[in-house]
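Okay, structure first, notes after.
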Amino acid sequence: MIDFLDYAKAFVVGGGICVLGQILLDRTKLTTGRIMVIFLLSGMVLSAVGLYEPIVEFAGAGATVPIVGFGHCLAQGVIQEVGSEGLFGIMTGGLKATAGGIAAAICFGYLAALLSNPKSKG
């Protein structure tokens with residue numbers, strides 16, 4: 001049976017992350033790229049100190065799908081790989097943990113570019 005409470009928790013947490021990003025866009029002079037980097041690094045730092053995992057357990061996809069979740073995944077990959085491979089894991093862990101997401105983003109981005117019909121603004 002579908003547990004609608006899980007959907008609600010994911011919606012609230014994921015929506016809250018998006019609201020925070022929108023507030024940063026509206027109230028500061030930060031560009032979208034800088035906000036994405038801030039979110040990514042926040043996910044990495046929160047994961048490294050053990051604060052993001054409880055959020056992921058509570059909200060599921062609401063915490064793992066946004067860019068903050070990508071930072072969390074990178075950090076967890078590095079932590080696991082350093083544990084098994086030593087310091088070399090710093091370089092390989094993040095890529096191993098996020099390879100599927102990176103490949104999907106590239107493939108779907110390419111597919112969207114093929115299917116879209118861009119128009120010039122000028």
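Quick caveat, the model's predicted, so the values are computed rather than measured. Just the heavy atoms: all of them, side chains too, but no hydrogens, waters or symmetry mates, feed the values below.
Val68 places a side-chain heavy atom less than 4.5 Å from the side chain of Tyr52. Here the side chains of Ile38 and Leu30 are in contact, with some heavy-atom distance below 4.5 Å.
In plain terms, the two heavy atoms of Ala97 and Gly77 that are nearest each other are CB-CA, 3.6 Å.
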When the side chains of residues 105-118 are checked against the rest of the protein, which donor-acceptor pairs come out under 3.5 Å, sequence neighbours left out?
| unit_1 | atom_1 | unit_2 | atom_2 | d |
| --- | --- | --- | --- | --- |
| Ser116 | OG | Ala112 | O | 3.2 |
| Ser116 | OG | Ala113 | O | 3.3 |

For residues 10-24, tabulate all N or O donor-acceptor pairs below 3.5 Å that involve a side-chain atom, not counting sequence neighbours.
| unit_1 | atom_1 | unit_2 | atom_2 | d |
| --- | --- | --- | --- | --- |
| Gln22 | NE2 | Asp26 | OD1 | 3.1 |
| Gln22 | NE2 | Asp26 | OD2 | 3.4 |

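Looking at residues two or more places apart in sequence or on another chain, you find a side-chain contact (heavy atoms from CB on, under 4.5 Å) between Leu74 and Leu40, Met44, Phe70, Thr98. With sequence neighbours left out, Phe88 forms a side-chain contact (heavy atoms from CB on, under 4.5 Å) with Thr92. The side-chain contact (heavy atoms from CB on, under 4.5 Å) search around Ala48 returns none, not counting sequence neighbours. Here Leu87 pairs with Ile90 under the side-chain contact (heavy atoms from CB on, under 4.5 Å) rule; sequence neighbours left out.
Hydrophobic clustering (side-chain heavy atoms under 4.5 Å, transitive across Ile, Leu, Val, Met, Phe, Trp, Tyr) keeps Val65 apart from Ile102. Phe39 and Leu51 end up in the same hydrophobic cluster when Ile, Leu, Val, Met, Phe, Trp and Tyr side chains are linked at under 4.5 Å. By the rule that hydrophobic residues join a cluster once side-chain heavy atoms approach within less than 4.5 Å of another member, Ile79 and Leu95 end up as members of separate clusters. Hydrophobic clustering keeps Val82 apart from Leu46 (ILVMFWY residues linked when any side-chain heavy atoms are closer than 4.5 Å, directly or through intermediates).
Under the side chain to side chain donor-acceptor pair (under 3.5 Å) criterion, the residue pairs touching residues 40-51 are Ser47-His72, Ser47-Gln76, with sequence neighbours excluded. Judged as a salt bridge (Lys or Arg N to Asp or Glu O under 4.0 Å), not a single pair has a partner in residues 98-117 (not counting sequence neighbours). Listed by first then second residue, pairs satisfying side chain to side chain donor-acceptor pair (under 3.5 Å) with a partner in residues 77-89 read Glu81-Lys96, not counting sequence neighbours. Evaluation of the salt bridge (Lys or Arg N to Asp or Glu O under 4.0 Å) test over residues 13-25, restricted to residues two or more places apart or in two chains, returns none. Sorted by first and then second residue, the salt bridge (Lys or Arg N to Asp or Glu O under 4.0 Å) pairs with a member in residues 49-66 form an empty list; sequence neighbours excluded.
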(Q) What verdict does the side-chain contact (heavy atoms from CB on, under 4.5 Å) test give for Arg34 and Val37, after you've listed the backbone C-alpha separation in whole Å, the side-chain angles of each residue and the deciding distance to 0.1 Å? (A) CA-CA 5 Å; Arg34 289 184 179 179; Val37 169; 5.6 Å; no
